[in-house]
Every structure is written in structure tokens, then in C-alpha cells.
Number of protein chains: 2
Amino acid sequence: MRKKTIEDYVELFYDIQKEKKKVHTSDIASALSINPASVTEIFQKLSNEGYINYEKYSGATLTNKGIRVAKKTLRKHNALKEFLLLLGIEGEIAERDACEMEHILHPQTMDMIIKFVEVINQCEITPFWLQRLKKYGKTGKLSRCPPELIKICLKYAKKT
Amino acid sequence: MRKKTIEDYVELFYDIQKEKKKVHTSDIASALSINPASVTEIFQKLSNEGYINYEKYSGATLTNKGIRVAKKTLRKHNALKEFLLLLGIEGEIAERDACEMEHILHPQTMDMIIKFVEVINQCEITPFWLQRLKKYGKTGKLSRCPPELIKICLKYAKKT
DNA sequence: ACAAAAATTTAGGCACACCAAAAAATCACA
DNA sequence: TGTGATTTTTTGGTGTGCCTAAATTTTTGT
């Protein structure tokens with residue numbers, strides 16, 4: 001398993017804090033299936049770096065800095081998941097891959113993927129290439145692009 | 001920096017082997033800017049796990065298993081880079097992110113991205129959404145989808 | 001062919017992320 | 001309210017990936 005990043009922890013904190021005022025080591029330990037002793041160390045690190053307020057034995061809460069990072073990460077996560085779902089990836093897998101991708105992508109790439117989702121969603125219909133992709137994914141057969149569509153695209157391409 | 005995977009090393013091996021019969025610790029050390037002593041340890045591990053043939057002081061070559069993994073990784077890498085370039089990501093960044101993504105994506109996601117690139121490339125013109133995405137990326141302004149295009153997409157959607 | 005230079009490996013050490021077991025603090029209920 | 005159960009932290013230990021310095025092997029130039 002990949003090493004967990006600060007973003008991972010802070011995101012999880014944010015999620016747990018929605019239901020509970022304070023986050024306890026046991027919450028994280030059970031969520032990640034790791035030893036509570038390890039979580040204590042993580043709490044100490046997150047606290048040192050200013051992401052959480054932590055006092056021994058009494059649980060922890062996100063600082064403003066922590067909340068900021070959590071929200072930013074969540075935005076990335078959601079955009080990536082939406083993107084993957086758009087491509088026709090299964091829910092569980094989209095969730096998993098979004099989680100992996102959110103930590104590694106360059107901001108410019110991230111930005112472009114967000115814009116990509118916006119462009120596709122702003123359209124009231126499923127773009128034709130997406131229809132073709134879905135069919136290709138299911139059947140393994142890749143249909144041709146209809147000439148009338150090509151004509152229109154060419155027309156708009158010239159305009160630009 | 002992220003921990004290097006076996007795929008990373010094997011891919012690099014493959015690249016170096018194109019020009020040199022044998023790969024030496026110094027090749028990897030300079031390529032990755034790490035200490036030659038560390039590379040010796042990596043060679044031992046790769047050898048133990050059957051990815052390279054290695055004899056002390058005389059360099060190493062990929063085994064068939066190693067070559068298989070390298071080729072598979074390279075295929076993923078190229079597809080991902082092509083995908084990112086398609087979205088309008090800059091070359092250097094596309095290269096970097098492809099390198100990161102190739103190790104983490106679920107096979108189903110990888111497969112869908114390869115198909116995505118195929119669908120877009122098979123078309124002799126730039127799909128309209130991609131034209132819009134490029135413009136959106138540059139100007140920050142998101143144009144609307146022209147009605148005549150919507151009509152055609154709807155028509156083909158019904159056919160399916 | 002041999003000594004100096006270069007490349008490679010070994011040895012020993014550090015930092016880190018995890019663990020299990022023991023100690024300490026907190027909680028829960030009789 | 002006190003004591004046993006539970007949670008949390010401390011302590012000490014492991015494996016890994018990297019490092020530097022020293023030892024060893026190979027290469028190179030005369």
C-alpha cells in the first residue's frame with residue numbers, strides 16, 4: 001500500500017468531524033485498519049505541522065489550515081471521481097483511483113480535468129464521442145464518426 | 001519524492017538497454033540522482049525477484065519477465081501521456097503525470113483511457129467538445145454547445 | 001603488466017512508518 | 001465513588017530505502 005499523505009489524513013479527519021465533534025485515535029485506526037499506537041504518532045506529526053489541535057487522551061480537531069487543506073483535497077477528489085464516472089468507470093474503482101490521483105496530479109492537469117468535466121456537463125446532451133466510447137467499452141467495437149458530424153466540427157473549427 | 005516502484009526501475013532499464021548491452025549501477029544512479037551504493041541494493045532486489053540477470057561488478061540485463069513488465073509499463077505510460085496531451089496539458093507536465101499515473105490506476109481505468117484516446121484519434125477531426133475545452137483552457141470562457149450539434153447527437157443517441 | 005584511477009560493493013548508520021506489549025489515563029456502572 | 005474495562009500513549013523493535021565511508025574489483029594508460 002502507498003504511504004498515506006497528510007492530505008489523506010486530513011481528508012479523513014474532515015469526514016469524521018462531520019459526525020463527531022472530536023476525532024479520536026481509534027476512529028482513524030479503525031478506518032485505516034492500522035494500530036492505534038501508529039495513529040498517536042500521526043496525530044503528533046499533524047499537530048506539529050499545524051493541521052490539527054491535539055491534546056493527549058482527549059482527541060483532536062482540524063485547525064483552519066487543516067480545514068483548508070481538507071476542502072481543497074475534497075474538491076479535487078470529487079472532480080476526479082466525476083471525471084472517471086463520466087468515462088464509464090465503475091463507482092468503486094472510480095472512488096479508489098480518484099483517491100490515488102488527487103495527491104499526484106500537477107495543478108495544471110487537475111485544472112484541465114475540472115474544466116473537462118465542466119465542458120461535458122454544460123452540454124445538455126451526451127457528446128457523440130462519449131456515446132461511442134461507452135459502446136466501445138461494452139462491445140469492444142469502435143464505430144466510425146458520422147460524416148455530418150465531421151462537417152459541423154470542421155465548420156466550427158474554422159471559425160476559431 | 002514518491003518511492004520508486006519496480007515498474008519504474010524496469011522501465012528505466014529498458015530505456016538504457018536500447019543503447020547499451022548491459023546496464024551498470026552508475027547508469028541508474030546518475031539517471032535518478034541517487035547514490036551508486038543504493039543502486040547495488042536495488043539490483044540485488046530486482047535480481048532476487050527475477051526481473052534482471054545480475055552478477056556483481058559486471059552490470060545487469062532484463063530477464064524476459066523484466067522485459068514483459070517494462071513493455072507493459074511503457075504502453076501504459078505512452079497512452080497516458082497521449083491522453084494528457086490531448087487534454088492540452090504541457091509536454092513536461094504530461095510526461096511527469098503519466099509517470100505517476102501509470103503505477104496507480106486500476107486496469108479498468110487504464111483500459112478506458114486507452115479506449116478514450118483511440119476514439120478521439122480515430123476521428124479525422126477534433127471533436128467539438130475538445131475545441132471548446134482548448135478555448136476554455138486558454139481564455140477561461142466556456143462557450144455554449146451549438147444547437148445543430150445537439151440535434152445530431154440526440155439523433156444518434158436514440159439509434160442506440 | 002602494473003600502478004593509479006574509476007566503478008562497484010560492503011558495512012554501518014539514519015529516518016520513517018509501521019507494529020506488539022506494557023504502562024497510563026479515562027470511562028462506565030454497581 | 002471505586003474498580004474493572006476500555007482507550008490511549010509510551011516503549012522498544014522491525015523492515016525499508018536511502019546515505020557516507022571504506023574495502024574491493026575492474027579498467028586504463030604507459
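In what follows, chains carry the letters A, B, and so on, assigned in the order in which the sequence lines appear, proteins first and then strands, with residues in each chain numbered from 1.
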Does [X] place a side-chain N or O at less than 4.0 Å from the phosphate oxygens OP1/OP2 of [N]?
X: H24(B); N: dT8(C); answer: yes
X: S26(A); N: dT8(D); answer: yes
X: T40(B); N: dT8(C); answer: no

Sugar-phosphate only, base, or nothing, as touched by Q44(B) at under 4.0 Å among non-hydrogen atoms: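 It contacts sugar-phosphate atoms only.
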Footprint string (nucleotides 12-21 of chain D, 5' to 3'): B base within contact, S backbone only, - free, heavy atoms under 4.0 Å: -----SBBB-
Side chain of Y57(A) (C-beta onward), nearest among dT10(D), dT10(C), dT26(C):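 Of all the options, the side chain of Y57(A) is nearest to dT26(C).
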Basic-acidic side-chain contact under 4.0 Å: [X], [Y]:
X: E102(A); Y: R75(A); answer: no
X: K72(B); Y: E7(B); answer: no
X: D15(A); Y: K20(A); answer: no

Approximate separation, where rounding is to 0.5 Å, of I113(A) CD1 and I89(B) CD1: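 These two atoms lie 7.0 Å from each other.
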Evaluation steps, side chain to side chain donor-acceptor pair (under 3.5 Å), between E82(A) and N121(A): CA-CA 10 Å; E82(A) 198 176 345; N121(A) 280 344; 2.6 Å; yes
Distance-only donor-acceptor check, side chains N35(B) and S38(B), under 3.5 Å: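 Not at all, the side chains of N35(B) and S38(B) share no donor-acceptor pair under 3.5 Å.
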